[in-house]
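As structure tokens, the structure follows; a few thoughts come after it.
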Amino acid sequence: MSAQFIDGKQVSASVIAAVTEASALLEAKTGIRPGLAVVIVGNDPASHAYVSSKSKMAERCGFNSIQHSLPEDTSQEQLEKLVTELNADPSVDGILVQLPLPSSLDPDAVIHLISPEKDVDGLNVVNAGKIATGDLVTGLVSCTPAGAMLLINRVHGHDLSGLRAVVIGRSNLFGKPMGLLLLAANATVTMAHSKTKDLVAVCRDADILVAAVGRPKMVKSTWIKPGATVIDVGINRMPIADGENQKTRLVGDVDYAEAVEIAGAITPVPGGVGPMTIAMLMANTTIAAYRAHGLVAPLNFRP
Ligand code: NAP
């Protein structure tokens with residue numbers, strides 16, 4: 001038996017369509033488009049590719065999209081000055097500082113400086129704290145967990161009562177907010193990490209297994225309870241032999257070829273959680289822009 005394919009491209013397209021409509025409606029009402037400022041520091045090619053696709057998608061959604069590309073040797077003070085200016089700029093509704101930053105910079109200090117109302121990545125303490133206290137309404141929810149949750153909702157609905165969920169990974173970026181969203185949806189949640197004993201047995205107990213580790217194909221079919229929903233968040237670039245050319249392909253944290261035979265539903269990589277992250281970033285920017293005008297964004301999906 002082969003698992004149900006959870007199509008992140010299709011779900012993200014429906015989010016983008018709703019966002020584009022909401023953005024046009026805001027402009028019709030106020031004459032102002034949602035504004036997204038994306039800040040990138042340094043020359044990392046993967047980060048530049050992400051930022052360019054975020055900026056392009058923002059334009060497709062009808063946003064005012066602004067990109068700030070800073071050199072590798074940017075100081076903490078210079079970066080914080082830019083964020084402070086963007087916080088004060090009324091044409092900017094959302095600020096995203098692309099991570100990782102060069103090692104000379106302190107990402108936490110920068111993230112916490114972003115005004116919570118404009119923190120469309122949902123990573124600063126105010127937004128993280130709101131999720132932790134069960135408030136999924138008044139803040140901005142971190143994009144990748146919010147997107148993963150939408151995919152889980154497609155399979156299980158919004159109430160996960162009685163289901164066991166295991167998240168492998170406990171990062172502030174993904175694992176912790178994912179665990180909290182699952183908990184808020186009434187799942188019984190385990191957050192596993194590198195110090196977890198007998199990880200395979202922990203995972204085999206999961207009705208919903210979410211892998212966010214950064215280790216290619218780590219999760220094997222023997223880790224998966226038959227019929228479980230498997231959400232693969234991992235993005236790992238693997239080199240592929242192509243004559244003289246140095247090419248890579250994307251591989252998840254789950255061994256898809258094995259897992260698809262035992263899971264009940266599964267996300268692919270690419271085309272699963274990845275497209276959801278960018279869609280939820282656009283949704284958060286729209287929500288922030290409506291709030292800036294004292295309005296509620298007409299988006300009917302929720303994490
Ligand atoms: P991270 O900060 O490096 O965290 C990795 C987590 O995995 C840590 O909690 C770590 O445990 C745990 N871990 C490492 N090795 C393990 C092992 N052998 N067994 C069990 N747990 C282990 O990474 P992240 O930022 O959360 O990202 C994780 C993956 O998701 C990466 O591949 C990243 O590219 C991907 N990602 C994708 C998107 C997207 O848009 N689709 C967005 C964000 C992240 P400890 O805490 O004990 O060290």
Side-chain angles (χ1 to χ4, degrees), residues 6-9 11-12 15-16 38 44-54 57 96-101 103 107-108 111 120-123 127-128 131 140-152 165-182 189-206 209-220 222-224 230-238 248-256 266-284 303:
I6 308 174
D7 188 350
K9 280 191 195 163
V11 180
S12 73
V15 171
I16 291 297
V38 181
D44 178 56
S47 293
H48 272 273
Y50 286 134
V51 161
S52 138
S53 55
K54 285 169 186 172
M57 184 60 87
L96 179 137
V97 177
Q98 182 66 38
L99 301 176
L101 290 171
S103 55
D108 289 342
I111 288 164
V120 282
D121 241 352
L123 294 179
N127 287 314
I131 301 179
L140 292 164
V141 179
S142 178
C143 302
T144 307
M149 203 59 201
L150 238 60
L151 299 181
I152 292 168
V166 172
V167 182
I168 323 175
R170 56 172 166 178
S171 67
N172 290 335
L173 181 66
F174 183 82
K176 281 180 198 154
M178 186 75 239
L180 291 165
L181 291 182
L182 288 159
V189 181
T190 302
M191 285 193 220
H193 46 78
S194 68
K195 307 286 188 283
T196 299
K197 287 219 160 48
D198 208 354
L199 182 61
V200 176
V202 170
C203 292
R204 270 191 74 87
D205 209 23
L209 178 61
V210 184
V213 183
R215 288 180 182 246
K217 298 188 181 184
M218 183 177 95
V219 176
K220 303 291 179 191
T222 49
W223 298 37
I224 298 168
V230 178
I231 305 291
D232 190 352
V233 184
I235 299 180
N236 309 290
R237 274 176 205 280
M238 303 288 286
T248 58
R249 75 187 168 100
L250 292 185
V251 174
D253 289 344
V254 176
D255 191 329
Y256 185 89
I266 188 165
T267 59
V269 175
V273 175
M276 294 306 297
T277 299
I278 205 162
M280 299 317 283
L281 174 67
M282 302 302 135
N284 275 349

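Just so you know, these numbers use all the heavy atoms, side chains as well, and skip hydrogens, waters and symmetry mates. Nothing here was measured: the structure is a model prediction, and the numbers come from that model. Whatever order the structure lists ligands and atoms in, that order sets their numbers, starting from 1.
- At a heavy-atom distance under 4.0 Å, no atom of Met276 approaches ligand 1.
- Nearest residue to atom 16 (C) of ligand 1 from Val213, Thr267, Thr196, Val251 is Val213 (criterion: closest heavy atom).
- Around NZ of Lys54, the count of heavy atoms belonging to other residues, nucleotides or ligands within 6.0 Å exceeds 12.
- The closest approach between any non-hydrogen atom of Ala212 and ligand 1 is below 4.0 Å.
- Protein heavy atom in closest approach to atom 15 (N) of ligand 1: Arg215 NE, 3.2 Å.
- Looking only at protein heavy atoms, the nearest one to atom 37 (C) of ligand 1 is Val233 O, 3.1 Å.
- Among Pro270, Ser194, Gly175, Gly169, the residue whose heavy atom sits closest to atom 6 (C) of ligand 1 is Gly169.
- Against a heavy-atom cut-off of under 4.0 Å, Leu173 is close to the following atoms of ligand 1: 25 (O), 43 (C).
- Around atom NZ of Lys220, more than 12 heavy atoms belonging to other residues, nucleotides or ligands sit under 6.0 Å away.
- Assignment of Gly274 to the shell around ligand 1 is supported, since a heavy atom sits closer than 4.0 Å.
- For Thr144, every heavy-atom contact with ligand 1 shorter than 4.0 Å involves the side chain, none the backbone.
- Selection from Ala46, Pro100, Ser171, Gly8 by nearest heavy atom to atom 2 (O) of ligand 1 gives Ser171.
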